[in-house]
Amino acid sequence: MAAYYFLVSQLPSLGNIGEKSAMPLSESSFIELCSRYMTESEKKVLSTLSLVPPRDTVDTGSEFLNTWYQKERDLRLALAQIRAQKMKKDAFTLPGSCTADIQQAARTAVGMDSPLSAEQFLYEYRLKLLDEITPIDIFSTDAVYAYGIRLMLVSRMKKFDSENGISSYHKIYDSILGQNNLEK
């Protein structure tokens, strides 16, 4: 596995990014920077990084990414199962890889009153999980992939804005009320 001392030393910290602060690096800038240093096969894996894991288990060539995608897939399945049960729908059996802590995180998130609070909880849970599985060698290829996943998580959370959410909710609610008035 390659050691990317120069690449990693150029990556800005993502630790203290507040809701209103600007992102220090865009996802496209990250990929462009990495493409200068990584091999073709590593760049191919980098270009497929996603917060949405492949539906079926696929070997990415990275032990870290394989583990991340499996845990994210399990979390999404646990969320779907709990939501289905909550709506009194048929629920499927979770895979054996779905651990108790993943199931508990899903139950906690589904039980929250506010969708934004649930998203913030899941964001924190995912960051904690990412910290647990990120390789100790911070200059490895897998550490670069972990940085990419963290960057995507932070970018996604920064898109949540309570004022825009309330505004959007009122627009949808008003359009529903408008449709109901037209039907009467």
Side-chain angles (χ1 to χ4, degrees), residues 1 4 7-27 29-31 34 45-46 48-86 91 93-162 165:
M1 198 171 257
Y4 291 108
L7 169 60
V8 172
S9 67
Q10 294 180 66
L11 297 173
S13 172
L14 298 174
N16 296 325
I17 298 177
E19 186 178 313
K20 300 296 180 185
S21 62
M23 289 293 292
L25 183 70
S26 70
E27 292 174 40
S29 296
F30 167 73
I31 290 173
C34 291
V45 172
L46 184 70
T48 64
L49 282 185
S50 174
L51 293 179
V52 180
R55 183 182 275 283
D56 298 317
T57 303
V58 178
D59 184 16
T60 63
S62 162
E63 185 178 329
F64 161 75
L65 282 177
N66 291 342
T67 302
W68 170 257
Y69 286 143
Q70 184 61 52
K71 292 193 176 289
E72 180 64 21
R73 190 174 15 264
D74 289 346
L75 177 60
R76 289 169 182 257
L77 288 171
L79 287 165
Q81 182 194 55
I82 292 166
R83 289 174 181 146
Q85 290 170 343
K86 198 172 181 179
T93 303
L94 291 174
S97 59
C98 191
T99 60
D101 69 304
I102 290 173
Q103 293 175 45
Q104 182 58 47
R107 277 192 293 276
T108 301
V110 171
M112 293 185 157
D113 293 333
S114 160
L116 180 59
S117 295
E119 281 300 326
Q120 289 169 331
F121 171 80
L122 289 171
Y123 167 72
E124 293 295 330
Y125 176 78
R126 285 175 171 122
L127 286 180
K128 180 179 148 272
L129 183 61
L130 190 59
D131 287 341
E132 290 173 5
I133 66 171
T134 296
I136 294 172
D137 180 4
I138 64 167
F139 299 108
S140 68
T141 308
D142 282 342
V144 174
Y145 296 151
Y147 183 94
I149 296 291
R150 182 176 302 278
L151 180 65
M152 291 176 178
L153 284 168
V154 171
S155 296
R156 182 176 182 278
M157 265 327 274
K158 287 187 73 57
K159 292 177 183 172
F160 287 95
D161 183 323
S162 57

Those residues at least two apart in sequence (or on a different chain) that pass salt bridge (Lys or Arg N to Asp or Glu O under 4.0 Å) with Arg73 are none
Quick one: does Leu127's side chain get under 4.5 Å of Leu153's, heavy atoms only?
yes
Can you name the residues that form a ring-ring contact (aromatic ring centres under 6.0 Å, His included) with Tyr125, not counting sequence neighbours?
none
Any residue meeting side chain to side chain contact (heavy atoms under 4.5 Å, CB included) with Thr134, in chain and number order, not counting sequence neighbours
Phe64, Leu130, Ala146
Tell me which pairs pass salt bridge (Lys or Arg N to Asp or Glu O under 4.0 Å) where either residue lies in residues 97-120, with sequence neighbours left out.
Glu119-Arg156
Restricting to non-hydrogen atoms, name the atom on Ala118 and the atom on Ala109 that form the minimum distance, rounded to 0.1 Å.
CB-O, 3.4 Å
Verify side chain to side chain contact (heavy atoms under 4.5 Å, CB included) between Leu129 and Glu72, making sure each step is shown before the conclusion.
CA-CA 9 Å; Leu129 183 61; Glu72 180 64 21; 5.8 Å; no
Taking side chain to side chain donor-acceptor pair (under 3.5 Å) as the test, write out the residues that go with Asp59, two or more places apart.
Asn66
Sequence neighbours excluded, which residues qualify as side chain to side chain contact (heavy atoms under 4.5 Å, CB included) partners of Val58?
Pro54
Rounded to the nearest 0.5 Å, what separation is found between the OG1 atom of Thr108 and the CZ atom of Phe121?
4.5 Å
Flag side-chain contact, heavy atom, 4.5 Å: Arg126 against Ile149:
no
Which heavy atom in Asp74 sits nearest to a heavy atom in Pro95, and how many Å separate them?
OD1-CG, 3.5 Å
For Cys34 and Val144: C-alpha separation, side-chain torsions, deciding distance, then whether side chain to side chain contact (heavy atoms under 4.5 Å, CB included) applies.
CA-CA 8 Å; Cys34 291; Val144 174; 3.7 Å; yes
Qualifying residues under side chain to side chain donor-acceptor pair (under 3.5 Å), relative to Gln103, sequence neighbours excluded
none
Salt bridge (Lys or Arg N to Asp or Glu O under 4.0 Å) with Glu63: which residues, sequence neighbours excluded?
none
Applying ring-ring contact (aromatic ring centres under 6.0 Å, His included), name anything that partners Tyr145, two or more places apart in sequence or on another chain.
none
Test item: Leu79 and Leu122 side chains (from C-beta on) under 4.5 Å apart, heavy atoms
yes
Under the side chain to side chain donor-acceptor pair (under 3.5 Å) rule, collect the residues that match up with Ser26, sequence neighbours excluded.
Ser28, Ser29
Hey, could you give me the OG1/CG distance between Thr48 and Leu65, rounded to the nearest 0.5 Å?
7.0 Å
Suppose we screen for side chain to side chain contact (heavy atoms under 4.5 Å, CB included). Which residues come up paired with Met152, at least two apart in sequence or across chains?
Glu27, Leu49, Leu51
Distance-only, no hydrogens or angles: does the Lys71 side chain make a donor-acceptor pair with backbone N or O of Ile133 under 3.5 Å?
no
With a 4.5 Å cut-off on side-chain heavy atoms, are Leu7 and Tyr147 touching?
no
Say you draw a straight line from OG1 of Thr99 to CG of Leu75; how long is it, rounded to the nearest 0.5 Å?
9.5 Å
Heavy-atom pair of closest approach, residues Ser97 and Gln70:
OG-NE2, 2.9 Å
Side chain to side chain contact (heavy atoms under 4.5 Å, CB included) partners for Ile138, two or more places apart:
none
Can you name the closest pair of heavy atoms from Trp68 and Ser50 and give their distance?
NE1-O, 4.4 Å
May I ask you to say whether Lys128 pairs ionically with Glu124, meaning some side-chain N is under 4.0 Å from a carboxylate O?
no
Can you see which heavy atom on Pro135 is nearest to which on Ala143, and at what distance?
CG-N, 3.8 Å
